Amino acid sequence: MTRWEEAKVTEQMLTALRRRLRADQGRAEEPTAGIIDSQSVKGADTVGRESRGYDAGKKVNGRKRFIVTDTLGLLLVVCVMAASVQDRDGAKTTLLSMYLVTPVRYVFADAGFAGMLADWTQRVLRTVLHIVRKAPGQIGFAVIERRWVVERSLAWLTSHRRLARDYKRRPATAEAMIRWAAISGMARRLARGSAATRQQRITLAHPAE
């Protein structure tokens, strides 16, 4: 795996599959807009102290995954850091990575990324960071425009057994595992010809007495 990562094999595979999926959806191969979000996950004993931390908000001791997807939910970049890293700080590294490898210059984000980050993104990366906020007076769960796409992608990632918890000693290896999971999902989606859908519940009729 080390040699493959040095050769950026997973990044190249991710790009090729994403372009193919976007073309199949009638989109341009390269996206112009993205969505950023983070996810804290527990770290196993194999995660060293130098790359783990405590997310007081989520009450998680481990690591935090920052991802940017396109508007179809397809992974663009991923950065793994200690869970103690604030969203605004982790987003800088993630958005810079996105800037270097994609043409995306408009990014949607939730309120956790609001504040001076938007000014930094505009000034340094010439990229617009648009904060998508909850509807006024919203109580409980509701699907929020744009944000649900990246949240769905994070849910897909954690459905992979090896990603339900972070086991990797090095953050770079954890990032590679996330890319492999995204590659697997894209390959299945290409094979199906469409995104996954929840199966309808089948009700069996009772036999006549």
Side-chain angles (χ1 to χ4, degrees), residues 8 10-39 64-81 85-136 138 141-158 175 178-190 192-197:
K8 299 187 181 299
T10 54
E11 295 177 23
Q12 294 171 18
M13 292 175 66
L14 198 65
T15 299
L17 288 170
R18 185 177 63 247
R19 287 174 175 171
R20 173 72 180 276
L21 274 169
R22 289 182 58 83
D24 286 355
Q25 293 288 317
R27 306 290 187 95
E29 288 189 347
E30 292 292 347
T32 56
I35 314 164
I36 187 171
D37 204 356
S38 68
Q39 177 189 58
K64 184 177 288 188
R65 301 162 177 165
F66 291 84
I67 69 169
V68 181
T69 71
D70 67 3
T71 54
L72 297 177
L74 306 176
L75 185 66
L76 297 175
V77 295
V78 55
C79 292
V80 174
M81 308 174 196
V85 173
Q86 296 296 313
D87 280 355
R88 296 180 185 89
D89 297 329
K92 288 184 177 181
T93 300
T94 308
L95 291 170
L96 178 58
S97 298
M98 178 205 74
Y99 177 84
L100 294 174
V101 299
T102 77
V104 170
R105 298 296 178 262
Y106 195 99
V107 181
F108 298 94
D110 65 27
F113 298 93
M116 296 179 64
L117 176 63
D119 295 334
W120 178 89
T121 305
Q122 179 65 59
R123 184 180 70 256
V124 177
L125 304 181
R126 298 293 187 267
T127 298
V128 175
L129 186 67
H130 179 78
I131 304 301
V132 181
R133 301 183 183 276
K134 295 180 180 180
Q138 177 184 320
F141 173 79
V143 175
I144 300 175
E145 185 181 9
R146 298 296 183 183
R147 281 168 46 180
W148 72 270
V149 175
V150 70
E151 290 167 354
R152 179 187 62 178
S153 297
L154 287 170
W156 282 344
L157 290 175
T158 51
E175 292 168 1
I178 291 170
R179 285 193 291 271
W180 277 118
I183 288 168
S184 175
M186 288 184 189
R188 289 197 301 269
R189 188 165 169 177
L190 277 170
R192 282 193 307 264
S194 63
T197 57

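For reference, positions follow the sequence shown, starting with 1. Just so we're clear, the structure is a prediction, and the values are computed from it rather than from any experiment.
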Give the minimum heavy-atom separation between [X] and [Y], together with the two atoms involved.
X: Ala109; Y: Leu129; answer: CB-CD1, 3.9 Å
X: Glu175; Y: Val80; answer: OE2-N, 2.9 Å
X: Lys64; Y: Val85; answer: NZ-O, 2.9 Å

Rounded to the nearest 0.5 Å, what separates atom [atom1] in [X] from atom [atom2] in [Y]?
X: Phe66; Y: Met98; atom1: CZ; atom2: CE; answer: 14.5 Å
X: Phe113; Y: Gln86; atom1: CZ; atom2: CD; answer: 11.0 Å
X: Glu29; Y: Leu21; atom1: CD; atom2: CG; answer: 11.0 Å
X: Leu157; Y: Trp180; atom1: CG; atom2: CH2; answer: 15.0 Å
X: Leu14; Y: Ile178; atom1: CG; atom2: CD1; answer: 11.5 Å

Who passes side-chain hydrogen bond (donor to acceptor under 3.5 Å, both in side chains) against [X], sequence neighbours left out?
X: Thr93; result: none
X: Arg179; result: Glu5, Thr10
X: Glu30; result: Arg19

For residues 32-39, which side-chain N or O atoms pair as donor and acceptor with protein atoms under 3.5 Å away, sequence neighbours left out?
unit_1, atom_1, unit_2, atom_2, d
Ser38, OG, Asp87, OD1, 3.0
Gln39, OE1, Arg65, NH1, 3.1

Is there side-chain contact between [X] and [Y], with at least one heavy-atom pair below 4.5 Å?
X: Thr69; Y: Leu74; result: no
X: Asp110; Y: Arg133; result: no
X: Val149; Y: Thr71; result: no
X: Ser153; Y: Ile67; result: yes
X: Arg105; Y: Val128; result: no
X: Pro31; Y: Leu76; result: yes

Note to self: One thing to verify: whether Arg18 and Asp70 come together as a salt bridge, which I'm taking to mean a side-chain N less than 4.0 angstrom from a carboxylate O.
What the structure shows: no
Next item on the list: Can you sort out the partners of Phe108 under ring pair (Phe, Tyr, Trp, His ring centres under 6.0 Å), two or more places apart, ordered by chain and number?
Entry: Tyr106, His130
Hey, can you pull the donor-acceptor pairs under 3.5 Å for the side chains in residues 120-127, sequence neighbours left out?
unit_1, atom_1, unit_2, atom_2, d
Thr121, OG1, Leu117, O, 2.8
Arg126, NH1, Arg123, O, 2.2
Thr127, OG1, Leu125, O, 3.0

Check: Do other residues, nucleotides or ligands put more than 12 heavy atoms under 6.0 Å from the CZ atom of Arg22?
Finding: yes
Check: Got more than 12 heavy atoms from elsewhere within 6.0 Å of CD, Glu11?
Finding: yes
Note to self: Taking Gly115's backbone N and O only, do any of them form a donor-acceptor pair with Arg88's side chain (distance below 3.5 Å, no angle check)?
What the structure shows: no
